[in-house]
Amino acid sequence: MPISISITRYSSFLIALKTPDCSLKRLLLFSTFSSVAAEKFLTHLQKDESNVEKNLDSVSAKLDSRCITQVLERCAIDKPKLGVRFFIWAALHPTYRHTSYMYEKACKLLDVERNPQVITDVIDEYRAEGFVVSVKMFKVVLSLCRAAKDANLGLWVLRKMKEFNCRPDTVSYNVVIRLLIEKARLDEAMGLIREMGLIDLYPDMVTYVSIIKGFCDAGRLEDAVGLVKVMKGHGCVPNAVVYSTLLDGMCKHVSLEMALEFLGTMEKENGESKPNVVTYTTMIKGFVEKGRAMEALKVLDRMDSSGIKPNTVTFVAILDGFCKEGHLEEAYKLIDKFSGDELQYDELYSMLVMSLLRAGKHKESEKTFRMMLARGMRPSGLASSRIIKSVISEGRVLDGFILFDALKKSGELPAIDSDVYSVLLAGLCEENHFTEAAKLIHIMVEGKLQIKSSHTEKIIKHLNISGENDLASSVSSIKR
DNA sequence: GGTAGTGCCG
């Protein structure tokens, strides 16, 4: 591989194999070259490891998610702690904000779930250096714990805050409470809520929703209802979120009839406590989950008379129910009735295609998809991807390609998963449909679409053996 | 400021 030895701006190492015992097998893929910004940050990060944040402050480079990912990818190889410090520093940067997606990505790259010590080590490092850690920084660390779903780590960090003379606020507590609840550690969560009172913090709406949901999920409806009373007693007026959570618990653990009755009392409320689209969707899901999709229709009518418009989630719930219970005619009727200003025929039919697939009705789903194409509708990228994949997995590669080609001919291609392209291309080549393969490659080149280089090796080998050398080199040109 | 309830995607 005579590539890139001379390239100094290397980086963006992708660790393809993550198990710790195969560090030698780490594949260094020069997929995307790191940005100048990432290089600058990396240089300053490694300059003087005892003054990390100060060094970073002096860097003048644009901070964005791509650049952060690149820095983390590099740090993950042998300096995960520096990666954590960089991530925390970046969160406080005035021109940048991490999304929840970035928190998850950082956790994955730095492997916090398997190696929580990387977090505790960083906190201990701050302490040893006498670094002043703010509440804001601790909240970033707590969000990392949340992304890693590590309740013990969250608890540890919350305790550490005192040592840094940081007073956790309600949000800090809420994050840890939610983590405990996700692990069904309800008593400990209640303990933290009590502890809040001792330092003059009060549980807020978010705290109550979390713990009420915890009790509902555990089937402890009486406790959940008791908490609603407690919050009212504290002057915290329950809103639609609180009541929807309770309604969900009733659907799952008591009865749909009681939930309906409760919905009725909500409908008589005013302002923030009135049912909204989520409340009605929860009720609809309740019916669907108990195999009573037809009755969900009545809820839809009730929603309409309250002036609440159903959204995508509402439709997915009902369509899922109809498909599972075999009420296809009802599904079509529903779509006819509701397609209009909010949601188009295309979107609703695409949802139906997805619902049919989820219900295991692949034939019906493909039929609906073909009907869409025949009537000039535009299926969503997701529906198209799933249908083509499903057809290929049944061993009908050529059919999959014909569907793809029909989509292409009907106008602009929807956003299809990149792995659909690689699966389709591999299938066509394997079955020696070289004309179609060439057509697909042509479309990909035209649309600047690339497939993972790891997927191309077998294809190229097969093409070379078959004497299709031109095609083989075309495939090389679209690998990423 | 970005932690909560239906659910999908990044």
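Numbers restart at 1 for each chain; the letters A, B, ... are given by sequence-line order, proteins then strands. Worth saying up front: this structure is predicted, and the values here are computed from it rather than measured.
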Side chain to side chain contact (heavy atoms under 4.5 Å, CB included) between A/Met266 and A/Ser273: does it pass, once the steps are laid out? CA-CA 7 Å; A/Met266 279 182 80; A/Ser273 320; over 6 Å; no
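Of the candidate nucleotides B/dT6, B/dG5, B/dT3, B/dT6 has the atom nearest to the side chain of A/Thr282. In the set B/dT6, B/dG5, B/dG2, the nucleotide with an atom closest to the side chain of A/Arg97 is B/dG2.
Note: OH (A/Tyr103) to C1' (B/dT3) measures 12 Å, nearest angstrom. A straight line from OH of A/Tyr96 to P of B/dG1 spans 17 Å, rounded to a whole angstrom. The NE2-P distance, from A/His98 to B/dG2, rounds to 11 Å in whole Å. Spacing between atom NZ of A/Lys136 and atom C1' of B/dG1 amounts to 9 Å, rounded to whole angstrom units. Atoms CG (A/Asn174) and P (B/dG1) sit 17 Å apart, rounded to a whole Å. Atom-to-atom, CE of A/Met102 to P of B/dG2 comes out at 16 Å; the value is rounded to the nearest Å. Distance, A/Leu201 CG to B/dT3 C1': 14 Å, rounded to whole Å. Protein atom CG of A/Leu142 is 17 Å distant from nucleotide atom P of B/dG1, rounded to whole Å.
Other residues, nucleotides and ligands contribute at most 12 non-hydrogen atoms within 6.0 Å of the CD atom of A/Glu261.
Comment: A/Glu295 does not engage A/Lys290 in a salt bridge, judged by the lack of any side-chain N to carboxylate O separation of less than 4.0 angstrom. A salt bridge is absent between A/Lys149 and A/Glu182; no separation between the charged side-chain nitrogens and carboxylate oxygens falls under 4.0 Å.
Here the straight-line distance linking atom CG of A/Asn239 with atom CE of A/Met205 works out to 4.0 Å at 0.5 Å rounding.
No donor-acceptor contact under 3.5 Å links the side chain of A/Asn239 to the base of B/dG5.
The phosphate of B/dT3 has neither OP1 nor OP2 within less than 4.0 Å of any side-chain N or O from A/Arg146.
No donor-acceptor pair under 3.5 Å is formed between the side chain of A/Asp417 and the backbone N or O of A/Asp419.
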Please list each protein N or O that sits under 3.5 Å from an N or O in nucleotides 7-10 of chain B, with the distance.
| from | atom 1 | to | atom 2 | distance (Å) |
| --- | --- | --- | --- | --- |
| B/dG7 | OP1 | A/Lys285 | NZ | 2.7 |

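Among the heavy atoms of the strands lying under 4.0 Å from A/Lys213 are primed sugar atoms or P, OP1, OP2 only; no base atom is included.
The aromatic rings of A/Tyr332 and A/Tyr349 are tilted relative to each other, their planes meeting at an angle between 30° and 60°.
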